[in-house]
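For reference, the structure discussed in these notes is given below.
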Amino acid sequence: MLRTAVFNTIRSTARPTLLVRQSARPTYQVFTRYESSKANDALKAARKAKDKLQKDWQGPVLTYEQVKPKTLSPSADAYLIDVREPDEVMQGSIPSSVNLPLSVLANSFHLTPQAFKAQHGFEKPRKQQEVVFYCRSGARSASACDIARRNGYENIFNYEGSWLEWTSREGGKGSTA
């Protein structure tokens with residue numbers, strides 16, 4: 001009982017000290033921001049346009065039946081681009097395709113036409129030219145379509161079945177690099 005009385009006495013004498021310390025804390029004022037949330041219409045439109053460009057995009061998808069004729073009669077106005085890495089392309093590629101690895105695709109679109117041809121061995125696709133991307137299974141080619149669109153290319157297609165579908169339909173045939 002004596003312990004309880006001593007403890008309560010100590011506790012009650014300590015409280016005013018705590019209250020003094022708490023009241024000695026600095027006070028903070030709350031400032032209201034009036035103009036920061038009012039953006040002008042031009043800025044809003046610019047942000048909306050940027051968001052539209054940044055949004056993930058799914059390009060039109062081509063099937064095996066649509067890609068096969070392009071390989072039989074290649075056109076100078078259309079490219080079939082393999083975005084696999086060179087060591088994967090050594091296993092084979094779709095006839096009439098050219099290799100432009102996904103790892104260098106974005107930087108290559110910023111090259112001049114002369115530098116592009118010197119680096120990759122074929123003409124740089126024009127912005128309105130038909131470009132079909134493929135890879136091993138379709139995931140990287142979808143990314144390539146998105147990169148191309150963000151760089152201003154308009155006529156972009158994704159062969160979603162890609163190399164795996166091509167080899168299964170052709171019985172393992174493809175051109176070897």
Side-chain angles (χ1 to χ4, degrees), residues 37 39-177:
S37 61
N40 62 23
D41 291 337
L43 183 59
K44 284 183 181 179
R47 286 180 180 158
K48 194 171 191 175
K50 183 180 176 187
D51 288 345
K52 185 177 179 185
L53 279 176
Q54 296 294 327
K55 182 181 166 197
D56 286 336
W57 176 78
Q58 293 293 324
V61 175
L62 296 181
T63 62
Y64 170 82
E65 290 76 17
Q66 293 168 313
V67 173
K68 178 71 175 175
K70 295 177 188 301
T71 64
L72 297 175
S73 57
S75 167
D77 292 330
Y79 273 113
L80 181 59
I81 298 179
D82 184 350
V83 295
R84 297 179 295 164
E85 295 299 318
D87 60 329
E88 294 176 276
V89 175
M90 291 170 66
Q91 299 169 359
S93 62
I94 297 175
S96 78
S97 68
V98 292
N99 181 241
L100 183 57
L102 183 63
S103 59
V104 299
L105 184 69
N107 292 333
S108 295
F109 282 147
H110 294 289
L111 296 174
T112 63
Q114 297 81 13
F116 185 94
K117 185 168 184 171
Q119 185 172 348
H120 299 293
F122 61 94
E123 296 291 330
K124 181 179 179 179
R126 296 180 309 276
K127 302 278 184 181
Q128 301 81 16
Q129 193 169 11
E130 179 181 313
V131 180
V132 178
F133 291 104
Y134 82 93
C135 60
R136 180 181 172 272
S137 60
R140 285 178 284 180
S141 58
S143 296
C145 288
D146 191 48
I147 291 168
R149 186 188 70 86
R150 291 174 194 235
N151 282 282
Y153 287 83
E154 300 166 1
N155 201 5
I156 309 160
F157 298 95
N158 177 16
Y159 175 31
E160 201 170 45
S162 288
W163 178 245
L164 293 178
E165 181 184 33
W166 183 266
T167 54
S168 69
R169 294 279 192 102
E170 293 286 315
K173 291 190 308 184
S175 65
T176 54

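Computed from a predicted structure; not experimentally measured.
Of the possible donor and acceptor atoms, none in the side chain of K70 sits under 3.5 Å from a partner among the backbone N and O of S75. No side-chain donor-acceptor contact under 3.5 Å links N155 to the backbone of Q129. Not a single donor-acceptor pair under 3.5 Å links the side chain of S93 to the backbone N or O of V89. Remark: side-chain polar atoms of Y134 are paired, donor with acceptor, to backbone N or O of I94 under 3.5 angstrom. Looking at Y159, its side chain never comes within 3.5 Å of a backbone N or O of L80 through a donor-acceptor pair.
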| Check against side chain to side chain donor-acceptor pair (under 3.5 Å), E170 and Y64 | CA-CA 10 Å; E170 293 286 315; Y64 170 82; 2.2 Å; yes
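No side-chain heavy atom of C135 sits less than 4.5 Å from a side-chain heavy atom of L102. The shortest side-chain heavy-atom distance between K117 and L111 does not fall under the 4.5 Å cut-off. Put simply, the side chain of N99 reaches to within 4.5 Å of the side chain of P101, judged on heavy atoms. Within the 4.5 Å cutoff, side-chain heavy atoms of E88 are placed close to those of R140. No side-chain heavy atom of L100 sits less than 4.5 Å from a side-chain heavy atom of Y79. A heavy-atom distance below 4.5 Å is not found between the side chains of E123 and F116.
Expressed to the nearest 0.5 Å, how far OG of S141 lies from CG of N158 amounts to 3.5 Å. Note that the OG1 atom of T63 and the CD atom of E165 stand 7.5 Å from one another [nearest 0.5 Å]. Here the CD1 atom belonging to I81 is positioned 9.5 Å from the NE2 atom belonging to H120, to the nearest 0.5 angstrom. Between the OG1 atom in T112 and the CD atom in Q119 there is a gap of 10.0 Å [rounded to 0.5 Å]. Interatomic distance, NZ of K124 versus NE2 of H110, reported as 8.5 Å (0.5 Å rounding).
Closest non-hydrogen pair, Y153 versus P125, comes out as OH-O, 3.1 Å. When all heavy atoms are compared, the tightest approach of K68 to T71 is O-OG1, 2.6 Å.
Comment: R169 engages E65 in a salt bridge, judged by a side-chain N to carboxylate O separation of less than 4.0 angstrom.
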